[in-house]
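Before any comments, here is the structure.
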Number of protein chains: 2
Amino acid sequence: MNEHVLLLDAETKAAEQPQDHRDELRLWLRLLTCTTLIEGGVRKRLRERFDVTLPRFDLMAQLDKSPDGLTLSELSRRMMVSNGNLTALVERLVASCHLDRRTAENDRRAQVISLTNLGRAEFRAMAAEHEMWIAEMLGDLSRSEVTELLRLLAKAKASARQAVQGERP
Amino acid sequence: MNEHVLLLDAETKAAEQPQDHRDELRLWLRLLTCTTLIEGGVRKRLRERFDVTLPRFDLMAQLDKSPDGLTLSELSRRMMVSNGNLTALVERLVASCHLDRRTAENDRRAQVISLTNLGRAEFRAMAAEHEMWIAEMLGDLSRSEVTELLRLLAKAKASARQAVQGERP
DNA sequence: CCGGTTTATTTTAAGCTTAAAATATCACGG
DNA sequence: CCGTGATATTTTAAGCTTAAAATAAACCGG
């Protein structure tokens with residue numbers, strides 16, 4: 001009986017498995033292509049128009065949404081990059097007077113990072129153009145297609161998050 | 001009359017522009033989140049299971065689809081990474097006996113890269129698991145949702161490609 | 001209040017990535 | 001066949017990224 005089950009499993013695998021998940025794989029590759037294309041376009045425009053890198057723009061974008069600043073840990077969680085990555089990135093932006101950094105009041109381990117007035121002003125000028133670039137790149141999608149993509153990607157995001165983070169401990 | 005037009009334009013801008021493209025921006029951010037999540041999960045699994053990096057896997061994936069090999073230019077176009085990037089990546093995989101590299105027969109400038117038997121065998125073992133990881137991460141989507149996403153992302157991809165590459169010269 | 005554990009950050013080593021400049025070869029029109 | 005422009009690749013410099021180890025401070029149960 002055991003062999004029977006195993007045999008069935010093997011046959012099932014042979015018959016279905018190799019084809020079964022091809023669409024999911026295609027979906028992942030297409031998602032990656034879309035992201036890479038848009039990211040490349042944004043990166044290039046940021047460099048040409050503002051001489052700024054994408055990671056710096058992303059960092060400033062997070063801080064612009066949090067006027068009271070964020071700790072490095074919170075930043076790394078929101079940007080989904082490693083902790084050590086931020087150390088150098090923040091250092092450079094502090095050196096160029098775009099960011100402020102201070103020790104947290106109640107926790108001497110933590111650093112609170114925030115935008116300076118200069119940083120905020122420069123970011124907002126960039127963000128305004130950035131929004132138009134994105135609108136242009138996604139310009140062939142109708143309003144309802146955008147809405148539908150938002151809905152389906154929310155589901156994909158939840159699915160991936162559960163699979164990826166559900167295994168952490 | 002010119003002032004009239006300009007005034008209308010200004011009013012239109014003030015009334016619509018600041019809000020008009022928020023959904024496209026949200027869509028882009030959600031796309032990026034999905035990609036980053038899945039990419040991180042794949043990267044981690046590739047490292048833990050096979051001690052291989054994602055760029056190496058991607059490179060081998062392209063070559064596996066082209067049994068006759070590819071030139072560096074063609075590879076860089078398909079992988080959407082810069083030319084110089086591949087030089088070191090290929091070098092390392094040649095050193096570890098996963099890739100072959102030979103000068104093209106009819107063009108002494110070009111290098112043709114292909115998988116060795118070892119490289120192909122190792123890649124296929126990884127690819128089989130990789131497909132299951134992706135299926136798991138996207139497991140909460142129904143078949144019809146996957147199909148619909150494929151359709152909409154194809155449109156997004158075409159839109160972005162036109163906007164990004166239409167400006168090259 | 002003390003010792004073990006967790007949390008926040010930095011450091012380190014390796015590798016990836018890009019843009020731009022340099023090099024080498026090819027193609028082709030005159 | 002020769003120069004000119006295009007194409008293929010490598011080199012370079014700077015910056016990004018990660019994982020893992022190290023450091024430091026906070027928390028917490030006994």
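In what follows, every chain begins at residue 1, and chains take the letters A, B, ... in the order their sequences are listed.
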Figure out the [atom1]/[atom2] separation between [X] and [N], and round it to whole Å.
X: A:Glu48; N: C:dT18; atom1: CD; atom2: P; value: 15 Å
X: A:Leu59; N: D:dT17; atom1: CG; atom2: P; value: 10 Å
X: B:Phe57; N: C:dG15; atom1: CZ; atom2: C1'; value: 18 Å
X: A:Leu54; N: D:dC16; atom1: CG; atom2: P; value: 10 Å
X: B:Asp51; N: D:dT18; atom1: CG; atom2: P; value: 18 Å
X: B:Glu39; N: D:dC16; atom1: CD; atom2: P; value: 17 Å
X: B:Arg45; N: D:dT18; atom1: CZ; atom2: P; value: 16 Å
X: B:Leu72; N: C:dT25; atom1: CG; atom2: P; value: 16 Å

message: Between B:Val90 and B:Leu59, is there a side-chain heavy-atom distance shorter than 4.5 Å?
response: yes
task: Measure from the ring center of A:Phe50 to the ring center of A:Phe57 and say whether it is less than 6.0 Å.
output: no
query: Hey, are B:Ser144 and B:Ser142 close enough side-chain-wise for a donor-acceptor pair under 3.5 Å?
result: yes
B:Gln111-B:Arg101 side chain donor-acceptor pair, cut-off 3.5 Å: yes
For [N], take OP1 and OP2 only and decide whether either is under 4.0 Å from a side-chain N or O of [X].
X: B:Arg47; N: D:dT18; result: no
X: A:Ser73; N: C:dT9; result: yes
X: B:Arg43; N: C:dC16; result: no

field: Members of residues 81-111 of chain A that approach DNA chain D, where some heavy atom sits under 4.0 Å away
entry: A:Val81, A:Ser82, A:Gly84, A:Asn85, A:Leu89, A:Arg92, A:Asp107, A:Arg108, A:Arg109
Check: [X] side chain, [Y] main-chain N or O, donor-acceptor pair, under 3.5 Å:
X: A:Ser159; Y: B:Asp140; answer: yes
X: B:Ser76; Y: B:Ser82; answer: no
X: A:His130; Y: A:Ala128; answer: no

task: Quick one: label A:Arg56 by what it contacts on the DNA or RNA (base, sugar-phosphate, nothing), any heavy atom closer than 4.0 Å.
output: sugar-phosphate
